[in-house]
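Everything numeric here is computed off the predicted structure, so don't read it as measured data.
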Amino acid sequence: MSDDSLFLIDIDKVLREKAPAHYKRIPRFLISYLKKIVHQEELNVFLRSSREEMGVNFLKACVEFLDMKLILKGEENLPSDGLYTFVSNHPLGGQDGVALGYVLGTHYNGKVKYLVNDLLMNLQGLAPLCVPINKTGKQAKDFPKMVEAGFQSDDQMIMFPAGLCSRRINGTIRDLEWKKAFIVKSVQHQRDVVPVHFSGRNSNFFYNLASLCKTMGLKVNIAMLYLVDEMFKNKHKTFTITFGKPIPWQTFDKSRTPAEWAEYVKDIVYKL
């Protein structure tokens, strides 16, 4: 695979394409700072070295690159047959997605699918495991079809129902509201739901920045720019992944709304 066909991070190119009218007026020190916080050079070295890896092998390369130590608990709760929806809290925004995909992808011989932001589809190694989501662009109308295709497949589904990574709320680091889609689709396709808890946290800087952006009412998610930097801060760390007992899809009856059932599962996750 040549560099031309390989997705490499290029801040200059992104700014030229996304803000052509303003690009020449953007101070060079600001562009250099952006390259630094997204770790452009380090990530591009990794992307070049792992260019031949696909799917679970690419995730394995990511785990090794980030020097993650993983402790698994509740492995006996991983079903050996059938199709399931695995739902997890989202404390980190990087390592958690990589690690959970690697563990489940290894366990189920690569038969896993993520619902992910379509930006991640640019990573060729990750693409085979992804159902891309772009809720704002031209794919918005295709979103339900993409989710449907994922659930109709013979792959295990991996979802982070909060969408965004955890925030500090009233002094506690916790996911934002869990979206109900995993309940609706799991019932529709008769998939039991496996709750997953992932340990870990980002830095105080990240949570303070996210809170500041919310207080100021900024529509742009500036904190997201720092997620790669947070990922590098979390290198060489140990994370615990705990799998709970599968919850039968029949549990999610009409006694509660799908949104209430989503919160019910979220509470189970945080008790694991």
Any side-chain heavy-atom pair of Val194 and Val87 under 4.5 Å: no
Between Asp155 and Tyr108: side-chain donor-acceptor atoms closer than 3.5 Å: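 Absent: no donor and acceptor within the cut-off.
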Ion pair check, Glu148 and Lys185, cut-off under 4.0 Å: yes
Whether over 12 other heavy atoms sit under 6.0 Å from Tyr264 OH: no
Side-chain ion pair, Arg28 and Asp12, N-O less than 4.0 Å: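 Looking at Arg28 and Asp12, the cut-off is met.
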Side-chain heavy-atom pair Val103, Leu59 within 4.5 angstrom cut-off: no
Minimal non-hydrogen separation, Ser203 against Lys233, with atom names: OG-NZ, 3.5 Å
Test item: Gln190 side-chain N/O and Gln250 main-chain N/O as donor-acceptor pair under 3.5 Å: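 Such a contact is absent between Gln190 side chain and Gln250 backbone.
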Euclidean distance, Glu230 CD relative to Leu225 CG, rounded to 0.5 Å: 12.0 Å
Euclidean distance, Lys179 NZ relative to Lys266 NZ, rounded to 0.5 Å: 9.5 Å
Donor-acceptor contact present, side-chain Glu53 to main-chain Ala61, <3.5 Å: no
Lys13 NZ: over 12 foreign heavy atoms closer than 6.0 Å: no
For Ile183 against Pro258, the heavy-atom pair lying closest together: CG1-O, 3.8 Å
Test side-chain contact (heavy atoms from CB on, under 4.5 Å) applied to Thr251 and Trp261, step by step: CA-CA 9 Å; Thr251 305; Trp261 280 123; 4.1 Å; yes
Phe160 and Cys165, any side-chain heavy atoms less than 4.5 Å apart: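 Cys165 vs Phe160: side chains apart.
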Interatomic spacing from CZ in Arg201 to OH in Tyr207 - rounded to 0.5 Å: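 Here the rounded value is 5.5 Å.
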Single-linkage hydrophobic cluster, 4.5 Å side-chain cutoff, Leu164 and Tyr114 together: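 Looking at the clustering, Tyr114 is in a separate group from Leu164.
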Result of checking Ile9, Val38, Leu8 against Leu43 for side chain to side chain contact (heavy atoms under 4.5 Å, CB included):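 Going through Ile9, Val38, Leu8 one by one, the side chain to side chain contact (heavy atoms under 4.5 Å, CB included) with Leu43 is satisfied by Ile9 alone.
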Criterion side-chain contact (heavy atoms from CB on, under 4.5 Å) on Lys180 and Glu260, from CA distance to verdict: CA-CA 8 Å; Lys180 66 184 181 181; Glu260 287 169 341; over 6 Å; no
Residues Arg168 and Asn208: side-chain donor-acceptor under 3.5 angstrom: yes
Over 12 non-hydrogen atoms of neighbours within 6.0 angstrom of NZ in Lys35: yes
Flag, side chain of Tyr226 to backbone of Ile37, donor-acceptor distance under 3.5 Å: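 Absent.
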Euclidean distance, Phe252 CZ relative to Thr257 OG1, rounded to 0.5 Å: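 Atom-to-atom, Thr257:OG1 and Phe252:CZ are 12.5 Å apart.
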Chi angles and distances behind the side-chain contact (heavy atoms from CB on, under 4.5 Å) call for Gln156, Leu83: CA-CA 6 Å; Gln156 310 296 342; Leu83 295 174; 4.1 Å; yes
Leu209 CG to Leu212 CG distance, which is reported to the nearest 0.5 Å: 6.5 Å
For Ile222 against Cys213, the heavy-atom pair lying closest together: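 Nearest heavy atoms, Ile222 then Cys213: CB-SG, 3.9 Å.
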Test item: Asp96 side-chain N/O and Gly93 main-chain N/O as donor-acceptor pair under 3.5 Å: yes
Asp267 vs Arg174, salt bridge (Lys or Arg N to Asp or Glu O under 4.0 Å): CA-CA, chis, key distance, verdict: CA-CA 11 Å; Asp267 287 342; Arg174 193 175 169 90; 3.2 Å; yes
Polar side-chain atom of Arg191 near backbone of Phe151 as donor-acceptor pair, under 3.5 Å: yes
Non-hydrogen side-chain atoms of Pro195 and Ile247 separated by less than 4.5 Å: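 Heavy-atom side-chain distance check passes, below 4.5 Å.
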Asp175 versus His90, side-chain donor and acceptor atoms under 3.5 Å: no
Closest contact, heavy atoms only, Gly150 versus Ser153: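 Minimum heavy-atom separation between Gly150 and Ser153: O-OG, 2.6 Å.
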Cluster check Val228, Tyr33: I/L/V/M/F/W/Y, side chain < 4.5 angstrom: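 Yes; Tyr33 is reachable from Val228 via cluster members.
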Student check: side-chain heavy atoms of Val56 and Asn109 closer than 4.5 Å: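 They are not in side-chain contact.
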cation_pi(Lys235, Phe65) dist<6.0 Å, angle<=45: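 Positive - Lys235 is close enough to the ring of Phe65 and near enough to its axis.
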Ile241 with Tyr102, same ILVMFWY side-chain cluster at under 4.5 Å: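 Yes, because Ile241 and Tyr102 connect within a single hydrophobic cluster, where side-chain heavy atoms sit under 4.5 Å apart.
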Shortest non-hydrogen contact between Gly200 and Leu92, atoms and distance: C-CD2, 3.9 Å
Side chain to side chain, Leu47 and Asn44, heavy atoms closer than 4.5 Å: yes
Residue pair Gly101 / Val112: nearest heavy atoms and the distance that separates them: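 Distance-wise, the nearest heavy atoms are O-CG2, 4.4 Å.
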Working for side-chain contact (heavy atoms from CB on, under 4.5 Å), residues Val269 and Trp178: CA-CA 11 Å; Val269 162; Trp178 275 26; 3.6 Å; yes
Joint hydrophobic cluster, Leu66 plus Val45, side-chain heavy atoms closer than 4.5 Å: no
Heavy-atom side-chain proximity of Phe206 to Leu227 below 4.5 angstrom: yes
Among Leu100, Val63, Leu70, Asn234, the one residue meeting side chain to side chain contact (heavy atoms under 4.5 Å, CB included) with Gln95: Asn234
Leu78 side chain near Phe86 side chain, heavy-atom distance below 4.5 Å: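 When only atoms from C-beta onward are counted, Phe86 and Leu78 do touch, with a gap below 4.5 Å.
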Asn89 (side chain) donor-acceptor with Phe198 (main chain) under 3.5 angstrom: yes
ILVMFWY cluster, Val98 and Leu72 together (side-chain gap under 4.5 Å): yes
